[in-house]
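Okay, structure first, notes after.
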Amino acid sequence: MTRRPARPEAARETASLLSEPARVAVLLPLPLGELYEYAVPEGMAPPAPGTICSVPLGKRFLPGVVWDRPEGLAEIAASRLKPLAAIYPVPPMAAPLRKLIDWVAAYTLSPPGAVLRMGLSVPDALEEPASLSRVRLSRLGGEGAMTAARKKVLAVLEEEADAMAPADLARAAGVSPSVVAGLVKTGWLEPLTLSADTGDAPDYHWREAEFSGDQQAAADHLGDQVRAGGFAVTLLDGVTGSGKTEVYFAAIAAALAAGKQALVLLPEIALSTQWLHRFRKRFGAEPLVWHSHLTPAARRKSWRRIALGQAPVVVGARSALFLPLQNLGLIVVDEEHEASFKQEDGVLYNARDMAVVRARLEQTPILLASATPSLETVANVEAGRFHCTALPERHGVAALPEIAAIDLRRSPPPRGAFLSIPLRDAITETLAKGEQAMLFLNRRGYAPLTLCRTCGFRFECPHCSAWLVEHRGRGRLLCHHCGHSQPVPHACPSCGTEDALVPCGPGVERVAEEAAALFPDARLAIMASDLLSSADAMKKLITEVQDRQIDLLVGTQMMAKGHHFPHLTLVGIVDADLGLAGGDLRAGERTFQVLHQVAGRAGRAEHPGRVLMQTLQPEHPVIAALLAGDRDRFLAAEMADRRAHGMPPFGRLAALILSAPSPELAEQSARRLARLAPTDPDVTILGPAPAPLSMLRGMYRWRFLIKTPREKLPQPLLRAWLARADLPKTVKLAVDIDPYSFL
Ligand code: ADP
Ligand code: ZN
């Protein structure tokens, strides 16, 4: 059916369009390199770049984004051109976000479509929500039979020339509401947004904080940047408990006051209940929260709100970087040093670094906050590329905790135990005063290795070159790399001896078991990601700690992050040396950061805190710097070391990880790739060598590490190299630019 009678000029236009239709280049959210071309259907104005549309691909329809047409894109024959199917009722993707997608793709050597997939992560949100408020005639027409009842509905809308509520429309046409719904389904009618369900808006002067001198200076500096607009990067360098959050809230308030939006990236957002609570106290409303644990319905609703410009403040984990905010006035990356900003599967990108890129493309200020900034950021401050504003003191009366070592060579724990006598005594004293204590061990489960006392058999993952970790609470052995899980048997699978299996080494569950036996009256809890199944369970536990219903907390790194427990005065670090073993590039830096963060949980209110670190090497530079509370000396020494070896941030690294279904194929492919390696005097190629994690999920892995000077980007060289590679289809090759994992 033709709804509008064709005028003569329109008919001529149509004829010429049929011979030479307008075309658009569309990027699809698939791991493909190229753009696809589509014809613009007759009667539709050519959609602008950024328009989100539905296009046919093979037998299905996919959402895609009209992309800027690159020079030299070969046109496909008009006869093979398919028309785009529909335009989604959402605003177009803005130019800075499109540029970010291209930029991330080029930097990480990923297909742009794979990056776009992160930007169109909720395809369902492109459709109108089911509870549509009004409908109008669709510009493209629909499919399906045209009944008399349907014609009446269309006639009413032609007459009204406006959108109508479905119920009113059905009444005016004298048909049942299901007829209108059917027309929406078949595409004759298109729903118009939007429900007014946008929640309360944050109010920037709801409850402004009274700042100390340093805090005020930092807040003014950041506020000025936000008001001035334009790209600038600032490190907010403040000791734990100095009020960094309060200070960047002031910067967010400045953005809101200027009518702009703010995006905050946090590690582990699902767990940041305290952060949300503080936000609500400061702004009188919740921000929009974005992370991977949201329900599909919540994701849909949130994505739409953001796309429609109804979210003044968005807080999220790294994936929030690709949300379609259109009017950014500030980006904040809290705990900028956190390795969890690096995505380790799919597109391997660092959300902190790419947030800086987005800020540049959006021409907006960005703030990186940390008590233990990364070496990369410190180097950028020293080189004058980033600004820095410092908060050297804790807020209010709180002082930084005293840190002391327990030398395990002199005070070893009793046989088979993990807590030394001095640490036990300190816990006893703390509990006696009615204060709280925390034991930190960065290892989940009960024991990292289980072996047979009789034959020496060790439980290994069948799919990975890794030991299975016993999780006693669940009665299972788990692989922390692939998730493989099996029950703990009674007898050794190798020699059959009963009751000969022994756990080796501690995990948090084992430390908690020891602590429970030593302090039977203390109310004890374990905080580890695998034991807290949901954000709600986490919330509940944090509230219990805050309300002093817990006396003794045992936990992993999850506990180190950002929590503020005013009555916690003792932190015991069970194994300070743990992270130093293995010695990858950032082992020292990371150990310093996590131990410093954990230590920062102690004594955050009026009661002074103390930290006891069990170690076998108190003289190690990392431990010594922690004991001396001398972060800057540590940074200087680490910086000098990296400079001497041309390592990041003074050089660049890229890793190539090759995985194949058999060890032979992995080795052959690696050697083949090595023969094709570029020879460039500025470039060092280490490897190929079997990866430390030489088998992962049944695939055999080899690695190369490519090192270039800071001035020389490795991407062009990698691109040329890999283009020559021509490896068998079963061999997978991952490129990891600026790697954080060396496994
Ligand atoms: P950081 O993020 O640097 O670790 P926080 O922002 O968490 O520090 O501040 C630590 C504690 O001090 C929090 O409970 C916070 O509410 C409080 N605080 C910091 N600055 C102020 C201020 N100016 N007024 C009131 N409370 C403050
Ligand atoms: Zn495994």
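All ligand and atom numbering here is 1-based and tracks the order in the structure. These numbers come from a predicted model, not from an experiment. Note that these values count all heavy atoms, side chains included, but never hydrogens, waters or copies made by symmetry.
Salt bridge annotation for Arg443-Asp575: absent, with no cationic side-chain nitrogen under 4.0 angstrom from a carboxylate oxygen. A salt bridge links Arg586 to Glu376: one of the charged nitrogens lies within less than 4.0 Å of a carboxylate oxygen.
Ring centroids of Tyr740 and Phe742 are separated by 6.0 Å or more, keeping the two rings apart.
Listed by chain and number, the residues in a ring-ring contact (aromatic ring centres under 6.0 Å, His included) with His337 amount to none (sequence neighbours excluded).
Annotation: Gly238 places no N or O atom under 3.5 Å from an N or O atom of ligand 1; distance criterion only. Between Gly243 and ligand 1, a contact under 3.5 Å exists for at least one N or O pair. Ligand 1 has no nitrogen or oxygen under 3.5 angstrom from a nitrogen or oxygen of Thr240. Residue Ser212 has no N or O atom closer than 3.5 Å to an N or O atom of ligand 1.
Put simply, part of Arg278 is less than 4.0 Å from ligand 1, judged by heavy atoms. Residue contacts with ligand 1 do not include Val247, since none of its heavy atoms lies under 4.0 Å from the ligand.
Contact between Leu478 and Ser485 at its shortest, heavy atoms only, is CD2-CB, 3.3 Å. Closest heavy-atom contact between Ala311 and Leu325: O-CD2, 4.1 Å. Closest heavy-atom contact between Cys461 and Cys482: SG-SG, 3.7 Å.
Other residues, nucleotides and ligands place more than 12 heavy atoms under 6.0 Å from the NE2 atom of His221.
The backbone of Glu210, and not its side chain, has at least one atom closer than 4.0 Å to an atom of ligand 1 (non-hydrogen atoms only; backbone = N, CA, C, O).
For the Zn ion (ligand 2), the neighbouring protein N/O/S atoms at less than 2.8 Å, given as residue and atom, are Cys461 SG, Cys464 SG, Cys479 SG, Cys482 SG.
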